[in-house]
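Only one structure is covered here, and it is reproduced in the block below.
Start at 1 and go down the list; that is how both ligands and their atoms are numbered.
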Amino acid sequence: MAVGKDILTTLSALVDRDITLMHICGTHEAAIARAGLRSVLPEGLRIVMGPGCPVCITPQGEIDAALDLVERGCTVATYGDLLRVPGSTGSLESSGGDVRVVQGVHKAVEIAKREPDREVVFISVGFETTAPTVAATILSRPPENFSILSCHRLVPPAMAWLLARGEAALEGFILPGHVCTVMGYEEYERFGVPQVVAGFEPEDILLGLLMAVRQVREGICRVENAYPRAVSREGNVKAKRLMYEVFEPFDVEWRGFPVIPASGLRLKQEFEGYDAQKKHDVAIRHVDKHSACICDKVLRGVARPSDCRLFGKACTPRTPVGPCMVSHEGACKIWHLYESRRASSPPLR
Ligand code: SF4
């Protein structure tokens, strides 16, 4: 990683005070942890993960709504990551109902076609990366026994909330490469902080960090693109059009956050026949937190997984207490995985 070494040398010369940057992507967190990047960064440079795991930011009220659908006899089709996320009365895995793991919305539609007597509901979780595919599926007019519980979220409104709150003293963002592949980075230009779109190789991330730190040190606030092989300013125009043809933004709660204006995606009225909430009369309620889990703080970038007193003790990937230990994009699971791997590796000589 010769390029990486050069970047690290330049970074070290630039960082002579504390600087906190946030990334909003589980894949970035996994890449950072896998490569051990935090251990080689200059001491003052702090990289925190924000609300970048779509399963983790899905609030308990939406998990409870999915459980409610199971209770009503629906076949619930979901990504495997969501299966073990605890709701108020257990998880989808422990519900004892007809819950099936699918790799995507198209697989859920196949179940609905194969089993026309069943009501099939797809738990549609994800950011702007997955919403266009779901939109295309809805536009293809799947069978009437198919619907979705839309749990989609949009990244920029959460960034706006974090900046307005100022809780984590953020000086810049590493923007999510996958989301920006679809959405471009035009809409991030309204934020007056340093931002860099970064890819997922260790060198991509280091380059993104260097570009962001340079902006911080020079007092510049703009969006730069360190991932031009995949991301353009305008993004995938067709995918964006599809998404907004089917969905509309609405105010919604995130786990760890209050209701954030225009941060969720719900089906437009003309597609409400596919809206599981309306079709099955299921409500999504706010649920107060009663456990010692600090996922809320982890998702806002004000605590690290290792700050949680349950981390690696009462809470492990086998016995998850919060969603951040369930999803493969969750910070707690990622930290647990790579910390335990490091602990079992022989020391480097
Ligand atoms: Fe929640 Fe477990 Fe993470 Fe603690 S270690 S914040 S309990 S998911």
Would Asp275 and Arg266 count as a salt bridge (Lys or Arg N to Asp or Glu O under 4.0 Å) here? Give the steps.
CA-CA 8 Å; Asp275 186 336; Arg266 67 181 171 204; over 6 Å; no
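- Pairs of residues two or more places apart, or lying in two chains, never qualify as salt bridge (charged side-chain N to carboxylate O under 4.0 Å, His left out) while including a residue from residues 43-56.
- The number of protein N, O or S atoms lying under 2.8 Å from atom 3 (Fe) of ligand 1 is 1.
- In this structure, the ring of Phe200 has its center less than 6.0 angstrom from the ring center of His28.
- The main-chain N or O of Tyr244 is found under 3.5 Å from a side-chain atom of Lys268 such that the two form a donor-acceptor pair.
- At a cut-off of 3.5 Å, with distance as the only test, no side-chain donor of Trp335 or Ser306 sits close to an acceptor on the other residue.
- There is no side-chain donor-acceptor pair under 3.5 Å between Thr137 and His106.
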